[in-house]
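A short worksheet on the structure shown next.
Start at 1 with the first residue, then count along the sequence. We count ligands from 1, going down the list as the structure has it; atoms in each ligand are counted the same way.
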Amino acid sequence: MKKTGLISALMAAAALMLITTAGHAKTFKMAIGDAQGGTQWALAQEFTKLFTEKAGSKYKISLFPNGQLGSEQDTINDASMGTLDFSLLAVNNITPFSPTVGVLTMPYVIQSLDDAVKLTHGAVGKELVENTIRDAGVRIVGWAYSGFRVLTNSKRPVETLEDLKGLVIRVPKNEIMIATYQAWGINPSPMAWSETFTALQQKVVDGQDNPFITVSAMKFYEVQKYITTIRYIFSLEPLIISESVFQSQKPEIKKAILDAGMEATLHSEQYLRNTEDSIKKDLVAKGMVISAPADGEKEWIEKATSAVWPKYYDKVGGKAKVDEILKVLGR
Ligand code: MLT
């Protein structure tokens, strides 16, 4: 072969290799509701590292934090249609699409990180994964644990339900959470997560609830002063993948996704255990004032459980399901 012929042949082979490699390369998109720095971000980074190690370097994941790809609820629709691969969001924003997941947002059902771990790793978690695939076309492949949702506001210390009166509190568009605030005597303002910082900044609302770690990641300390350490919901943040995207992967890639999800979940538990206290101290250093419910939360618990549980038993799978969960949790 002449020299020019050889060069042409080599160039053609290189071009073919590029096309073949590009054909197999895949960059998944992952929407993340929170800003960088919280438990969602930590889980996303860990999952990405583990998944790309397992799946090989042709597979990549691009992360889009801070609601860049739309509100958390929009991302479920997109994943359900297969136009988005992954989303990392709060469990309360899945409930409208798959009501039985609401059992995890029933006030005061989950009372500790250990409870949250037990439920997500056990039969209850597995059943919710199946229900979410069936109802919403998305598969939960991992969980971030973020801690209890504490109440923040810009106006005054809140220690009693009386103190809460007159405050405008943003809640997610989640019926159970809305009903909980109603049981506490106020009508909250349902609003997408992606609009919350601006609404707090512009004083359209006075407060909201989310874990310490999220308050910090979202820089809410810039627009909120007071924290009340209520413990009505333990915030779980599932990592979901579009079921149609999942099913279109080769078996070894499906396995890499599931294994990376499980390992990243274990990492998330340790991340919360290692960081929550220092984040709380940092929020105080930044000027936030922390109070506890004056009566050890007794009135809050009584009002919420007596009004909300009976109203939502049927939606979350029946009273027997809630009783079964309480039994799993040793109550
Ligand atoms: C919400 O309040 O809508 C969510 O909990 C926000 C989040 O994803 O952290």
Minimum heavy-atom distance Thr27-Ser62, with the two atoms named: CG2-OG, 3.4 Å

Val316 versus Gly102, closest heavy-atom pair with distance: CG1-C, 3.6 Å

Parallel, tilted or perpendicular, as decided by the 30° and 60° cut-offs, for the rings of Tyr145 and His121: parallel

Geometric class of the Tyr181/Trp184 ring pair [parallel <30°, tilted 30-60°, perpendicular >60°]: perpendicular

So is [X] polar-close to ligand 1, meaning N/O to N/O under 3.5 Å?
X	result
Ser235	no
Thr214	no
Asp209	no

For [atom], what is the closest protein heavy atom, and at what distance to 0.1 Å?
atom	result
atom 8 (O) of ligand 1	Glu72 OE2, 2.4 Å
atom 3 (O) of ligand 1	Arg170 NH2, 2.9 Å
atom 4 (C) of ligand 1	Ala90 CB, 3.4 Å
atom 7 (C) of ligand 1	Asp34 OD1, 3.1 Å

Ligand-side contact atoms (ligand 1) for residue partner Asn92, heavy atom cut-off under 4.0 Å: 1 (C), 3 (O), 4 (C), 5 (O)

Pro172 neighbourhood, listing ligand 1 atoms whose heavy-atom distance to it stays under 4.0 Å: 1 (C), 2 (O), 3 (O)

So, 4.0 Å and heavy atoms of [X]: is ligand 1 close enough to count as a contact?
X	answer
Glu237	yes
Arg149	yes
Gly33	no

Under a 4.0 Å heavy-atom limit, does [X] contact ligand 1 with its side chain, its backbone, both, or neither?
X	answer
Val171	neither
Thr196	neither
Lys173	neither

Polar contact flag, side-chain donor to acceptor under 3.5 angstrom, Ser80-Asn77: no

Side-chain H-bond candidate by donor/acceptor type, Thr196 with Arg170, under 3.5 Å: yes

Criterion ring pair (Phe, Tyr, Trp, His ring centres under 6.0 Å) on Phe47 and Phe86, from CA distance to verdict: CA-CA 11 Å; Phe47 177 83; Phe86 289 98; 5.4 Å; yes

Verdict with reasoning, Lys286 to Asp282, per salt bridge (charged side-chain N to carboxylate O under 4.0 Å, His left out): CA-CA 6 Å; Lys286 287 192 159 74; Asp282 184 57; 2.7 Å; yes

Tyr226 six-ring centre to Lys155 NZ/CZ under 6.0 Å and within 45° of normal: no

Intermediate values then yes/no, ring pair (Phe, Tyr, Trp, His ring centres under 6.0 Å), Trp193 and Phe220: CA-CA 13 Å; Trp193 179 230; Phe220 280 177; 5.6 Å; yes

